[in-house]
Amino acid sequence: MTVLFGSVEYFQEEIATNMTKEQLRNLSFGRSLEVVYSAIEYDLLYDFVCSETMREELLVNFEKAYEKVRSSLESVSLR
């Protein structure tokens, strides 16, 4: 299955991929998630060139992906 750029699934994969980077391995999952969230959000707000309408849609999907990843991390840590 192909994951389309900007979809919730795309951002979930981006978050997971970025969380496994070497420089974040010494951080807790929660802190790592926050660092990745901030970096991707900054890219979407300031570096990615697109229309404001598209940017708003991307940010909504990104926020949904973040919430899914965060809630799945919380459920794993409660076990």
(message) Rounded at 0.5 Å granularity, tell me how far CG in L33 sits from CD in E74.
(response) 9.5 Å

(request) Tell me, with the steps shown, if N18 and K21 meet side-chain hydrogen bond (donor to acceptor under 3.5 Å, both in side chains). (result) CA-CA 5 Å; N18 282 289; K21 289 186 175 177; 2.9 Å; yes

(request) Look up atom CG in L44 and atom CE in M54, then write down how far apart they are to the nearest 0.5 Å. (result) 10.0 Å

(request) Say whether L4 and F48 are linked into one hydrophobic cluster, either directly or through other cluster members, by side-chain heavy-atom distances under 4.5 angstrom. (result) no

(request) Using the side chain to side chain contact (heavy atoms under 4.5 Å, CB included) rule, pick out the option among T53, L59, V60 that qualifies with E57. (result) T53

(message) Tell me the closest heavy-atom pair linking R55 and C50, and the distance in Å.
(response) NH2-O, 3.4 Å

(message) Quick check for you: to the nearest 0.5 Å, what is the distance between F11 atom CZ and L58 atom CG?
(response) 5.0 Å

(request) State plainly whether one hydrophobic cluster holds both I15 and L73, where clusters connect Ile, Leu, Val, Met, Phe, Trp and Tyr through side-chain heavy atoms under 4.5 angstrom apart. (result) yes

(message) E67: which residues meet the side chain to side chain contact (heavy atoms under 4.5 Å, CB included) condition with it, sequence neighbours left out?
(response) E63, R70

(message) So, using ring-ring contact (aromatic ring centres under 6.0 Å, His included) as the criterion, who are the partners of Y37 when residues are at least two apart?
(response) F62, Y66

(request) Rounded to the nearest 0.5 Å, what's the gap from CD on Q12 to CG on N61? Could you check? (result) 10.5 Å

(message) Can a donor-acceptor pair be found, under 3.5 Å and without considering hydrogens, that links the side chain of T17 to the backbone of E14?
(response) no

(request) State, with a plain yes or no, whether a side-chain heavy atom of Y10 is found less than 4.5 Å away from one of V3. (result) yes

(message) Using a strict threshold of under 4.0 Å (side-chain N to carboxylate O), is an ion pair present between R31 and E34?
(response) no

